[in-house]
Amino acid sequence: MTEVIAGVEIPDTELARAATSLVRKVTDDTLFHHSRRVFLWGSLKAAARGLEVDPELAYVGGLFHDLGLTSYYASKTLRFEIDGAEAARTFLLEHGRSEEEARTVWLAIALHTTPEVPLHLAPEVAAVALGVKTDVLGIGLDELTAQQRAEVVAAHPRPDFKNRILKAFYDGMADRPGTTFGTMNADVLAHFDPDFTRTNFVDVIQGSAWPE
């Protein structure tokens with residue numbers, strides 16, 4: 001039986017079920033429920049904007065977008081967004097989706113913490129970004145009805161979510177602080193670690209190897 005939450009159908013396909021199973025195994029409740037909410041918020045907002053979204057691609061984008069924070073997929077040298085993007089690309093290719101489709105989801109995940117740019121790309125890229133902004137930052141909550149918000153949160157609760165997601169971000173990035181340069185992720189490390197020193201963009205330019 002197809003699962004419907006706030007009017008959004010959860011894709012009932014072999015690929016979607018495999019994605020759910022994989023993500024459920026490697027994430028805790030906080031990240032799993034967050035990832036499902038990202039798909040739901042993104043789907044609702046994309047529909048309201050008249051965007052035609054491939055539900056399987058949007059689902060994998062939503063579910064995999066934070067996999068790079070987990071010990072199963074985190075690298076030591078790449079941004080966590082790239083780790084998740086690579087995992088999604090591999091998963092989609094293994095399940096028969098095209099290189100172009102896998103690349104779309106790669107971009108959705110790789111750019112989900114980048115402001116503005118995703119909204120000018122493929123609908124699936126926009127949907128993931130819209131879902132993330134809604135769930136983490138509360139941006140555009142007024143675009144959703146009270147009933148939609150209630151149904152999504154009833155299906156995927158948010159207990160102490162603000163603190164838990166910040167801790168998940170920190171735990172997933174603390175051992176690779178250099179990857180946060182130039183991103184909002186540096187704010188997370190600075191919040192938790194009083195010894196964290198940001199790389200300053202101006203200093204990088206002024207200290208570059210180019211002679212005056």
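For the single chain, residues carry numbers from 1 onward in sequence order. Here the structure is a predicted model, which means the values were calculated and not measured. Keep in mind that the numbers below use all heavy atoms, side chains included, and drop hydrogens, waters and symmetry copies.
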ILVMFWY cluster, [X] and [Y] together (side-chain gap under 4.5 Å):
X	Y	value
Ile109	Val26	yes
Met173	Phe196	yes
Trp106	Leu78	yes
Leu31	Leu22	no
Leu119	Phe39	no

query = Among side-chain atoms of Thr104 and Glu124, is any donor-acceptor pair under 3.5 angstrom?
reply =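 Result is no, nothing qualifies.
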
key: Lys45 side chain vs Thr134 backbone, donor-acceptor pair below 3.5 Å   =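 Here the side-chain-to-backbone pair does not exist.
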
request  = Would you check if the side chain of Asp135 reaches a backbone N or O of Val38 as a donor-acceptor pair within less than 3.5 Å?
outcome  = no

task = Mind running side-chain contact (heavy atoms from CB on, under 4.5 Å) on Asp66 and Thr27 for me, showing each step along the way?
result = CA-CA 9 Å; Asp66 274 346; Thr27 61; over 6 Å; no

request  = Calculate, to the nearest 0.5 Å, the distance between atoms NE2 and CZ belonging to His33 and Arg164 respectively.
outcome  =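 Reported value, rounded in 0.5 Å steps: 10.0 Å.
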
task = Starting at NE2 of His156, measure out to CG of Leu40 and round the result to the nearest 0.5 Å.
result = 5.5 Å

Looking at [X] and [Y], what are the two nearest heavy atoms and their distance?
X	Y	answer
Ala74	Gly68	CB-O, 3.3 Å
Pro177	Thr180	O-OG1, 2.7 Å
Val23	Leu67	CG2-CD2, 4.3 Å

task = Decide yes or no on side-chain contact (heavy atoms from CB on, under 4.5 Å) for Thr30 and Lys167, but give the supporting numbers first.
result = CA-CA 10 Å; Thr30 295; Lys167 186 62 164 54; over 6 Å; no

task = Could you walk me through whether Arg24 and Asp29 pass salt bridge (Lys or Arg N to Asp or Glu O under 4.0 Å), step by step?
result = CA-CA 8 Å; Arg24 199 65 182 105; Asp29 284 349; 2.8 Å; yes

inquiry  = As a test of understanding, state which of Val8, Thr145, Leu130 forms a side-chain contact (heavy atoms from CB on, under 4.5 Å) with Leu44.
reply    = Val8

task = Mind telling me whether Phe181 and Phe201 have parallel, tilted or perpendicular rings, with 30° and 60° as the class edges?
result = tilted

ask   = So Phe161 and His34, would you call those rings parallel, tilted or perpendicular, with 30° and 60° as cut-offs?
value = tilted

ask   = Do the ring centers of His112 and Phe80 come within less than 6.0 Å of each other?
value =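 They qualify: ring centres under 6.0 Å apart.
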
Stepwise side-chain contact (heavy atoms from CB on, under 4.5 Å) test for Leu93 and Glu101 = CA-CA 9 Å; Leu93 292 176; Glu101 291 166 332; over 6 Å; no

ask   = Within a radius of less than 6.0 Å around CD of Gln147, do more than 12 heavy atoms belonging to other residues, nucleotides or ligands occur?
value = no

task = Report, as yes or no, whether the 6.0 Å neighbourhood of atom CD on Glu9 holds more than 12 heavy atoms from other residues, nucleotides or ligands.
result =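 Counting neighbours around CD of Glu9, 12 or fewer heavy atoms of other residues, nucleotides or ligands fall under 6.0 Å, so no.
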
query = Taking it one step at a time, do Arg149 and Leu141 satisfy side-chain contact (heavy atoms from CB on, under 4.5 Å)?
reply = CA-CA 8 Å; Arg149 296 197 300 268; Leu141 277 177; 3.9 Å; yes

